[in-house]
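Residue numbers begin at 1 in each chain, while the letters A, B, ... track the order of the sequences. Bear in mind that the values here come from a model prediction, so they are computed numbers and not experimental data.
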Amino acid sequence: MTPDLFDHGDEAPTGREALAPGALVLRGFARNQAEGLVAEIDAICARAPFRHMLTPGGQRMSAAMTNCGPLGWVSDRRGYRYQAVDPDSGKPWPPMPGAFLRLAADAAAEAGFAGFVPDACLINRYEPGARMSLHQDRDERDLSAPIVSVSLGLPAIFLFGGPNRSDRAERVLLLHGDVVVWGGPSRLRFHGILPVKEGAHALLGRQRINLTFRKTA
DNA sequence: AAGTCTCG
DNA sequence: AGAC
């Protein structure tokens, strides 16, 4: 068993990779600030703990979720929506840290989407085995703003498909610190995450954490 | 259907 | 990979 020096993304090359018009991967874009992001995540989940939401069909999602910012994405038997309060506590979601706002705006600008000011950050925690099946981010009122997705911890294979679920999906290995941005003509593309492989990350242990920034209104 | 199951 |  040969150790893979690139598995955790700590020494992988940085740069950009085009996925489709309006969609690209910024390799290692958040790597140098990952420890600060994790400290912020710890503070957020102390106030709004990770929980497994239910789909409208009543099935438990394998990725645990929480949110920060003025609005948070929630799912239950009633459907998907954004709301200002955490349904588990009845309190507002924790505020969006300044470092989150700056990272999201910087990554969006790097991808050609200037002036991105997210009002929601969904935080997904994947333990080994957790996944996210192909879906569209379509609960936002304003689809002109992009989606900015930050990967931390364990690697995962990102599926990036087309406007229809049946379109063939590209597979992209995402490492700690990678950021994916998609918007414009790619804003409604289907995407997902294959089951996360067993492993341990130096900073995050047996988990992958994904920050997904959206402008919902 | 942001999941689960079945078939190749 | 596809059906549901």
Between B:dC7 and B:dA2, how many Å separate the two P atoms, rounded to a whole number?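 Comparing P positions in B:dC7 and B:dA2 gives a spacing of 23 Å.
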Taking atom C1' in both B:dA1 and B:dC5, compute the distance separating them and give it to the nearest angstrom. 12 Å
Would you indicate whether the side-chain heavy atoms of A:Val150 and A:Phe29 approach each other to under 4.5 Å?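 Side chain of A:Phe29 against side chain of A:Val150, heavy atoms only: no contact under 4.5 Å found.
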Looking at every strand, decide which applies to [X] at a 4.0 Å heavy-atom threshold: base, sugar-phosphate, or nothing.
{"X": "A:Asp139", "answer": "base"}
{"X": "A:Arg171", "answer": "sugar-phosphate"}
{"X": "A:Ser133", "answer": "base"}

Residues two or more places apart in sequence or in another chain: which of them pass ring-ring contact (aromatic ring centres under 6.0 Å, His included) with [X]?
{"X": "A:Tyr126", "result": "none"}
{"X": "A:Phe50", "result": "none"}
{"X": "A:His52", "result": "none"}

Any salt bridge (charged side-chain N to carboxylate O under 4.0 Å, His left out) involving residues 183-194 of chain A? Give me the pairs, sequence neighbours left out, ordered by first then second residue. A:Glu140-A:Arg187
How would you list all residue pairs meeting salt bridge (charged side-chain N to carboxylate O under 4.0 Å, His left out) that involve residues 95-123 of chain A, not counting sequence neighbours?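 Counting only pairs at least two positions apart or across chains, the salt bridge (charged side-chain N to carboxylate O under 4.0 Å, His left out) contacts touching residues 95-123 of chain A are A:Arg16-A:Glu110.
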Under 4.0 Å from a heavy atom of chain A: give me the 5'-most and 3'-most nucleotides of DNA chain B that qualify. B:dA1 to B:dT4
Starting from C1' on C:dG2, measure out to CG on A:Leu159 and report it in whole angstrom.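 Rounded to the whole Å, the gap is 15 Å.
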